[in-house]
Protein chains: 2
Amino acid sequence: MVRRAASEGEDRRPTTIRDVAAHAGVSVATVSRILSGTYPSAPATRSKVMRAVRELDYVANANARNLAGASSRSVAIIVNSVVSPHYAHVAQGVQTQAALEGKLCIVGTTGGDPERELATVQLMRQEHAECVILVGNVVADDAYRERMGDYARALALAGSRLVLCGRPALGPDVPALVVEYDNTGGAYAITSHLLSAGHRRILFLGRRAGHTTPDSRIAGYRNALADHRVPHDPGLELDGTMERGEGYRMIRQRLEAGPPDFTAVFAVNDQIAAGARQALREQGLRVPDDISMVGFDDLPPAADIDLTTVHVPHEELGRTAVRMALERGRDKTGQAEHVMLGTHIIVRDSVRPLRPTPQP
Amino acid sequence: MVRRAASEGEDRRPTTIRDVAAHAGVSVATVSRILSGTYPSAPATRSKVMRAVRELDYVANANARNLAGASSRSVAIIVNSVVSPHYAHVAQGVQTQAALEGKLCIVGTTGGDPERELATVQLMRQEHAECVILVGNVVADDAYRERMGDYARALALAGSRLVLCGRPALGPDVPALVVEYDNTGGAYAITSHLLSAGHRRILFLGRRAGHTTPDSRIAGYRNALADHRVPHDPGLELDGTMERGEGYRMIRQRLEAGPPDFTAVFAVNDQIAAGARQALREQGLRVPDDISMVGFDDLPPAADIDLTTVHVPHEELGRTAVRMALERGRDKTGQAEHVMLGTHIIVRDSVRPLRPTPQP
DNA sequence: AGCATGTGTGTAAACGGTTTACTAGCTTGT
DNA sequence: ACAAGCTAGTAAACCGTTTACACACATGCT
């Protein structure tokens with residue numbers, strides 16, 4: 001970047017393509033064609049123009065470009081919160097892939113409020129983003145389905161597309177793309193891991209009926225119990241949200257009501273596990289010596305507390321969302337509209353085999 | 001949002017203001033004026049127009065709007081990485097304040113690479129963002145200063161402004177805003193906290209000469225030692241970056257070289273502390289029983305490991321950056337160009353008083 | 001009644017690019 | 001040597017808004 005000479009009066013206007021054309025002694029169309037590169041041009045002209053661009057430190061006005069051309073070179077991501085590791089990692093993937101494709105990334109947060117979600121989608125629609133990626137856990141009721149249908153149709157009409165990321169698919173008539181990951185499979189695998197270690201009474205932390213993410217994780221938990229012929233005790237499923245403090249609260253309340261009637265804990269995510277672990281410790285119970293514990297997500301808190309957990313490919317989720325949306329933009333023929341990414345266990349040091357009988 | 005009737009042929013064009021005007025039977029100027037609201041209009045006309053907007057599910061084209069009008073309604077933030085808690089929290093603050101002011105937020109990541117930083121700034125310049133917020137630790141050499149000066153001037157020329165967030169100020173001739181927080185003061189306070197508990201040999205983890213954040217934190221550490229008349233031992237300052245693994249590495253290497261010759265650890269940030277704590281534990285040393293430890297940032301890993309640390313107002317940093325930039329846009333008269341936010345200690349359970357003599 | 005005022009709406013010119021129909025200047029084929 | 005075929009560059013139309021300016025029409029004052 002070269003400091004631009006503050007010559008020719010106190011001109012406060014930024015440099016336009018016209019200035020570049022004048023400086024190079026050609027027409028604006030020539031400059032435009034040379035800059036977009038999609039046109040044969042004499043090397044001499046080309047270098048003249050490029051020199052003018054450099055000397056004037058010219059950058060094109062994206063607004064004008066988007067207005068005249070078709071595509072807007074931007075992808076939008078809408079999350080509950082940027083600081084939640086889950087969303088942050090997906091956002092990182094989106095941002096990475098967007099940068100790779102030369103697009104920029106606009107983000108909006110909703111705090112989980114459908115009203116703000118709507119407002120944000122409208123904002124992205126105004127901005128003519130090439131795609132709008134909605135990520136995360138949600139209650140999948142009829143209102144939700146209708147809302148998403150509306151978004152999808154409105155965006156499709158504007159040449160954009162809706163991508164649902166880690167959310168359940170909608171009907172086949174709705175023009176939305178879906179990228180999911182295998183919650184139920186991961187939960188099944190890690191529950192089996194606990195069962196194989198001999199645990200039979202496994203506390204599930206973070207049930208929340210109607211919310212898609214906890215719902216599909218608890219489904220895996222139940223399936224595993226059933227397949228291992230372990231009786232299912234609904235009293236072992238504790239309700240709560242997905243924030244750290246809730247994990248603390250749930251364990252705290254459970255232990256205040258009486259001594260532990262479980263040997264292992266399956267936390268709906270790593271943050272819950274971290275909170276639960278703290279509550280256990282405060283009651284003199286150590287993980288994994290006294291209680292085994294597993295989580296879900298494989299995000300920062302997990303490594304810090306040596307937690308065995310399920311790895312979720314968060315960044316890949318974000319990258320795939322962008323890739324799918326842009327591919328479909330390029331070439332409309334029969335691409336996947338629905339992708340399911342796999343999950344797998346990460347073993348650390350938070351599970352101990354259960355001795356079948358008390359020590360002699 | 002109302003589903004738009006797919007009438008009148010296979011018209012793939014999104015609804016424009018002209019369509020709305022035609023539908024309502026008024027001119028485009030009237031629609032524009034009513035929608036921007038900054039103009040008197042007859043109630044009858046107004047409701048006609050609003051009805052047309054609703055029926056056609058019209059949203060304005062932001063590109064056209066920005067091109068014609070002056071301001072661009074968007075705020076840009078450029079960070080090293082979205083997943084780092086430090087950046088994520090600042091970004092959250094930026095996003096929050098932007099939403100509050102009705103702007104949207106575009107993000108770019110650099111991975112710490114100056115080349116990508118430049119490219120991203122250019123992108124934001126193209127986009128005509130109202131301000132560009134650069135956040136985070138950096139080597140403050142001459143190349144850096146020159147680069148920032150170039151950015152600032154180029155942005156100012158385009159009516160935008162550069163905001164440096166958690167970075168050192170530049171010369172007074174550079175048109176940039178600065179929002180800092182008190183690294184040195186916080187480090188001084190928490191070092192004093194350790195000293196008051198009787199610790200004399202405090203290991204500093206994460207020195208990195210030339211990098212502004214570690215530099216100003218270690219300065220506070222040294223000042224506190226000096227003020228307490230504790231001899232400064234350079235051998236207690238260990239070099240390293242600010243990632244978790246480095247904390248682990250530094251402690252590991254130190255303990256392999258010999259038994260601990262320190263009673264407390266001051267980690268340059270909480271993530272380093274988390275890594276260091278793990279390494280200590282693997283050598284059978286417990287925090288705080290065997291070794292006291294403090295960190296810096298008060299970000300997620302801190303609460304999980306019960307770490308006494310320095311609270312940094314990350315979100316406030318982001319919010320302030322946006323507020324300053326937009327205020328200056330509204331009213332150019334003598335606002336602060338440089339704000340320093342305070343920091344304070346958060347006491348948890350990672351420091352024990354040192355017994356003056358070994359136990360009998 | 002006649003003129004200054006004020007209110008609400010319409011017209012048309014930007015805004016800064018891209019795109020396309022068209023023209024001028026060179027080869028090239030026969 | 002002349003029509004034909006390419007290339008490189010030009011000029012004008014357009015993208016969807018905002019906004020100065022003009023205009024009609026009702027109202028208030030003398």
Side-chain angles (χ1 to χ4, degrees), chain A residues 11-50 52-53 56-74 125-128 157-160, chain B residues 11-50 52-53 56-74 122-123 125-128 157-160:
Chain A
D11 183 13
R12 229 66 188 88
R13 254 178 44 266
T15 315
T16 75
I17 197 172
R18 258 179 281 275
D19 303 331
V20 175
H23 194 89
V26 297
S27 75
V28 293
T30 304
V31 176
S32 171
R33 284 197 281 239
I34 285 176
L35 288 184
S36 38
T38 68
Y39 207 82
S41 55
T45 318
R46 199 185 143 67
S47 69
K48 261 196 308 188
V49 169
M50 294 315 277
V53 166
L56 298 175
D57 190 22
Y58 167 76
V59 293
N61 181 329
N63 291 312
R65 172 174 295 194
N66 297 159
L67 184 55
S71 72
S72 85
R73 327 200 163 300
S74 64
R125 205 139 79 82
Q126 289 193 194
E127 217 65 23
H128 281 223
L157 217 55
S160 179
Chain B
D11 183 11
R12 230 64 189 88
R13 255 179 44 268
T15 316
T16 76
I17 197 173
R18 254 181 285 273
D19 302 331
V20 175
H23 195 89
V26 297
S27 76
V28 292
T30 303
V31 176
S32 169
R33 284 195 278 244
I34 284 175
L35 288 184
S36 36
T38 67
Y39 213 82
S41 55
T45 319
R46 197 185 143 68
S47 68
K48 260 195 310 187
V49 169
M50 294 315 277
V53 166
L56 298 175
D57 189 22
Y58 166 77
V59 293
N61 181 329
N63 291 312
R65 171 174 295 192
N66 296 338
L67 184 55
S71 72
S72 86
R73 327 201 166 298
S74 65
Q122 299 288 49
L123 224 56
R125 205 138 79 78
Q126 289 192 195
E127 216 65 21
H128 282 222
L157 216 55
S160 178

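Order of the sequence lines fixes the chain letters, A, B, ..., with proteins taken first and strands second; residue numbering starts at 1 for each chain.
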S.K.: Hey, is the side chain of B:R18 pairing donor to acceptor with the base of D:dT17 inside 3.5 Å?
M.R.: no
S.K.: Round to a whole Å and report the spacing from CD of A:Q126 to P of D:dG16.
M.R.: 15 Å
S.K.: Find the distance A:N66:CG to C:dG17:C1' and express it as a whole number of Å.
M.R.: 10 Å
S.K.: In whole Å, what is the span from the CZ atom of A:R46 to the P atom of D:dT7?
M.R.: 18 Å
S.K.: Please check this pair: side chain of B:S32 against backbone of B:V28, looking for a donor-acceptor N/O pair closer than 3.5 Å.
M.R.: no
S.K.: Whole-Å distance between C:dG16 P and A:L67 CG?
M.R.: 12 Å
S.K.: Would you indicate what A:T45 reaches in the nucleic acid, counting non-hydrogen atoms under 4.0 angstrom: base, sugar-phosphate, or nothing?
M.R.: sugar-phosphate
S.K.: Less than 3.5 Å between a donor and an acceptor, one on the side chain of B:R65 and one on the base of D:dG16, is that the case here?
M.R.: no
S.K.: With nearest nucleotides of DNA chain C determined for A:V59 and B:V28 from heavy-atom distances, which residue corresponds to the more 5′ nucleotide?
M.R.: B:V28
S.K.: CG/B:N63 to NE2/A:H128 distance, rounded to the nearest 0.5 angstrom?
M.R.: 7.0 Å
S.K.: When the distance from CG of B:N61 to P of D:dC15 is rounded to whole Å, what number comes out?
M.R.: 12 Å
S.K.: What does A:S32 touch in the nucleic acid at a heavy-atom separation under 4.0 angstrom: a base, only the sugar-phosphate, or nothing?
M.R.: base
S.K.: Flag the pair A:T16 / A:N61 as yes when at least one side-chain heavy-atom distance between them is below 4.5 Å, and no otherwise.
M.R.: no
S.K.: Considering only side-chain heavy atoms of A:I17, which listed nucleotide, D:dT18, C:dG17, C:dG8, is closest?
M.R.: C:dG17
S.K.: Under 4.0 Å, heavy atoms only, any strand: does B:V26 hit a base, just the sugar-phosphate, or nothing?
M.R.: sugar-phosphate
S.K.: Can you figure out which of C:dG17, C:dT20, D:dG16 approaches the side chain of A:A68 most closely?
M.R.: C:dG17
S.K.: Is the phosphate of C:dG10 approached by B:T30 (side-chain N or O, under 4.0 Å from OP1 or OP2)?
M.R.: yes
S.K.: Grab the CZ-P distance between A:R73 and C:dT18 for me, whole Å please.
M.R.: 9 Å
S.K.: Decide yes or no, distance alone: a donor-acceptor N/O pair under 3.5 angstrom between the base of D:dT17 and the side-chain of B:R33.
M.R.: no
S.K.: Taking the side chain as every heavy atom from C-beta outward, state whether B:I34 and B:M50 have any pair of such atoms under 4.5 Å apart.
M.R.: yes
S.K.: Look up atom CG in A:D57 and atom CD in B:Q122, then write down how far apart they are to the nearest 0.5 Å.
M.R.: 6.0 Å
S.K.: Just N and O in the side chain of A:Y58: are any of them under 4.0 Å from OP1 or OP2 of C:dG16?
M.R.: no
S.K.: From CG of B:L35 over to C1' of D:dT19, roughly how many Å is that when rounded to an integer?
M.R.: 15 Å
S.K.: Using a 4.0 Å heavy-atom cut-off across all strands, classify B:T16 as base, sugar-phosphate, or nothing.
M.R.: sugar-phosphate
S.K.: Just to be sure I understand the rule, does B:A29 reach a base, reach only the sugar-phosphate, or reach nothing, if contact means heavy atoms closer than 4.0 Å?
M.R.: base
S.K.: With rounding to the nearest 0.5 angstrom, report the OG1 to CD1 distance, B:T30 to B:I17.
M.R.: 9.5 Å
S.K.: What's the CG-P distance between A:L56 and C:dG17, to the nearest Å?
M.R.: 12 Å
